[in-house]
Amino acid sequence: MTAVAAAAHAGPAPRTTKNRSLPSWPVAGTLLLYPLWWALGLGVLIFPITAAAMLFLLIRRRAAGRALRLPPGFAWWAIFLIAVVVSIAALGADPAGTVPERASERLVAVVYKLSMYVSLTVLLIYAGNLTEAELSRRRLVRLLAGMFVLTVVGGLLGMVAGTFEFTSPVEWLLPSGVRNKGFVRSLVHPYAAQIMDLVGGEKPRPAAPWGYTNTWGNNFCLLAPWLVVAAWWSRGSGKKLLAVLCLAVSVIPAVASLNRGLWIGVGLLIAYVAFRYILAGRLWILAALPVATAALAVAMIATPLGGTVQARLDNGKSNGVRSFLIDKALDGFTGSPVIGYGGTRNTLGGRNSITVGESAGCERCGNFTVGGNGQLWQLIYAHGAAGAVGYLGFFAYGLWRFRHDRSPIGVAGSAALVTSFSAMLWYNSLVTPLAFMVLAYALLWRNWTDGEMN
């Protein structure tokens with residue numbers, strides 16, 4: 001009997017456990033096709049969708065006998081997730097000075113945030129378990145660099161077509177009673193800019209494709225280092241020149257955004273990178289910084305950008321509201337210091353009177369969101385000390401664990417995390433900023449694991 005005949009007689013071969021690889025498309029597709037997701041009305045909703053696919057693939061890989069790694073310091077993140085869940089028990093509480101509501105009325109927003117935290121946890125684990133053959137670190141860096149280019153393009157769109165918006169396909173599919181709700185509309189309705197009166201007269205502030213100007217500014221700082229790394233690695237001088245041109249052009253929407261938090265973040269980013277390079281003995285940075293600073297100063301003086309910056313610094317309309325909300329967050333923290341209140345709350349009235357609230361003619365006159373003016377304040381208010389310690393402890397541990405990584409990834413990844421600590425004083429992290437933070441963490445983790453830290 002021949003071997004072929006014997007095999008046929010024996011029937012199909014028994015199924016064997018395979019070493020299943022992880023495909024790159026859930027991560028690469030989320031990033032590379034983000035303009036499409038934004039236009040379709042999916043936007044940040046793409047993260048739980050792709051996270052479901054990632055979770056399935058991770059479980060399948062584990063069932064095939066391949067071990068899954070957890071990022072260093074994951075216990076801190078687990079503490080944070082547990083605190084988020086436990087804090088839901090306090091969802092029915094009405095702290096002093098906030099609008100009374102039933103817990104059920106607050107549940108939708110809480111479930112949304114929890115689902116996003118879980119989705120980004122899956123993204124962190126999945127991206128960290130990818131091998132170089134499945135999705136190389138260099139390709140992931142290029143994808144993140146592309147997201148910075150997208151941010152700049154969206155910023156320019158917001159400047160030149162501030163009123164641009166359209167009804168997305170997902171929005172069309174929703175019942176009118178649902179899609180007209182402010183929260184739902186912010187998720188599924190694409191628009192180029194937020195129109196605000198900050199320096200005398202309503203002006204567009206870039207937001208596309210991230211939904212809010214503050215999120216746009218946060219992502220700008222988180223993604224800029226990856227463009228520099230991608231250009232550093234590029235072989236042709238043409239790509240390096242394009243990267244320099246993109247960075248130069250990015251100054252225009254960055255200034256036009258009137259986003260002081262962004263300006264502080266960029267300054268911190270540059271200072272941190274310079275500090276790391278000086279520690280590494282690359283003293284040329286000491287000569288490059290003054291040259292770059294002088295070029296920026298000339299650009300500010302020779303163009304209207306300088307006047308825009310000065311006008312914003314002279315008009316701090318949001319300062320009073322931010323101080324008011326920080327005080328409210330700290331007062332609330334004293335009332336429930338361990339687990340917080342499970343979510344944010346709306347204030348009774350405004351900062352001057354409890355009788356002043358939102359109206360059709362003045363949407364920003366009151367009923368402000370406590371915890372809506374910065375990730376740090378949201379952490380301590382919504383999830384108490386337990387949530388804040390877990391969240392901050394995870395990223396702080398990453399900075400400490402990977403502090404000796406002097407590679408381009410090591411410097412850029414840690415720089416992104418450093419700027420996130422500054423940003424949490426005035427920006428909230430969900431959803432895309434936190435996604436870029438966990439991807440930076442995954443790159444640092446993989447760089448450390450693969451032994452390429454120098």
Side-chain angles (χ1 to χ4, degrees), residues 24 27 31 68-77 120-121 123-148 219 221-234 240 243 247 265-286 288-289 391-424 429 433-454:
S24 65
V27 177
L31 300 178
L68 294 179
R69 302 176 301 157
L70 293 177
F74 188 74
W76 290 104
W77 190 252
L120 298 183
T121 303
L123 173 63
L124 167 65
I125 296 172
Y126 192 92
N129 277 274
L130 288 167
T131 65
E132 286 295 287
E134 293 162 348
L135 179 63
S136 70
R137 285 164 290 160
R138 291 197 174 218
R139 187 186 176 200
L140 182 52
V141 166
R142 290 196 298 269
L143 288 169
L144 291 172
M147 299 305 278
F148 178 76
N219 288 343
C221 291
L222 290 167
L223 294 168
W226 300 118
L227 179 70
V228 177
V229 174
W232 184 286
W233 282 337
S234 62
K240 288 183 172 64
L247 288 171
V266 170
L268 179 62
L269 178 67
I270 294 172
Y272 175 79
V273 172
F275 176 71
R276 288 292 303 270
Y277 271 75
I278 291 170
L279 286 182
R282 299 173 184 177
L283 300 182
W284 58 264
I285 196 73
L286 295 174
L289 275 179
Y391 183 99
L392 299 175
F394 176 66
F395 291 109
Y397 179 86
L399 283 173
W400 177 256
R401 180 65 175 267
F402 308 121
R403 67 191 185 279
H404 295 305
D405 188 346
R406 297 178 179 177
S407 70
I409 284 179
V411 175
S414 59
L417 295 187
V418 166
T419 61
S420 74
F421 276 87
S422 166
M424 70 176 58
S429 296
L434 186 56
F436 298 138
M437 288 165 63
V438 301
L439 288 174
Y441 202 106
L443 279 167
L444 288 169
W445 167 25
R446 286 178 57 182
N447 221 39
W448 172 77
T449 303
D450 294 341
E452 298 184 17
M453 295 173 53
N454 297 308

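Below, each value reflects all heavy atoms present in this structure, side chains not excepted, and no hydrogens, waters or symmetry copies.
- Interatomic distance, Phe436 CZ to Met147 CE, rounded to the nearest 0.5 Å: 4.0 Å.
- Distance check, rounded to the nearest 0.5 Å: CD1 of Ile125 to CG of Leu120 gives 11.5 Å.
- Residues passing the ring pair (Phe, Tyr, Trp, His ring centres under 6.0 Å) test with Phe148 are Phe220, sequence neighbours excluded.
- Leu124 approaches Pro71 most closely through the heavy-atom pair CD2-CG, 3.7 Å.
- The minimum heavy-atom distance linking Ala416 with Leu222 is given by the pair O-CD2, 3.3 Å.
- Taking the ring centroids of Trp77 and Tyr391, they lie under the 6.0 Å cut-off.
- Side-chain contact between Ile409 and Phe402 is absent, with no heavy atoms from C-beta onward closer than 4.5 Å.
- Nearest approach of Leu269 to Ala224, heavy atoms of both residues: CD2-CB, 4.3 Å.
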Stepwise side-chain contact (heavy atoms from CB on, under 4.5 Å) check, Leu144 with Leu443: CA-CA 11 Å; Leu144 291 172; Leu443 279 167; 3.8 Å; yes

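- Between Leu444 and Leu417 there is a side-chain heavy-atom pair separated by less than 4.5 Å.
- Leu227 approaches Ala145 most closely through the heavy-atom pair CA-CB, 3.6 Å.
- With Arg403 contributing its side chain and Trp400 its backbone, the two residues share a donor-acceptor pair below 3.5 Å.
- For the pair Val228/Leu247, a side-chain contact is recorded, criterion being any heavy-atom separation below 4.5 Å from C-beta on.
- Between the CZ atom in Phe74 and the OH atom in Tyr397 there is a gap of 13.5 Å [rounded to 0.5 Å].
- Considering CG of Leu143 and CG of Leu439, their distance stands at 9.5 Å, rounded to 0.5 Å.
- The stretch residues 411-422 participates, sequence neighbours left out, in these side-chain hydrogen bond (donor to acceptor under 3.5 Å, both in side chains) pairs: Tyr272-Ser414, Arg276-Ser414.
- With a 4.5 Å cut-off on side-chain heavy atoms, Val273 and Pro225 do not count as touching.
- Using a 4.5 Å heavy-atom cutoff, the side chains of Leu268 and Phe421 are not in contact.
- Residues in residues 123-136 take part in these salt bridge (charged side-chain N to carboxylate O under 4.0 Å, His left out) pairs, two or more places apart or across chains: Glu132-Arg137, Glu132-Arg446.
- In this structure, the side chains of Trp445 and Leu70 stay at 4.5 Å or more apart for every pair of heavy atoms.
- Across every non-hydrogen atom of Ala231 and Lys240, the tightest pair is O-CG, 3.3 Å.
- Trp226 and Ala412 get closest at one heavy-atom pair: CZ3-CB, 3.7 Å.
- Residues Trp448 and Asp405 have side chains not in contact (no heavy-atom distance under 4.5 Å, counting atoms from C-beta outward).
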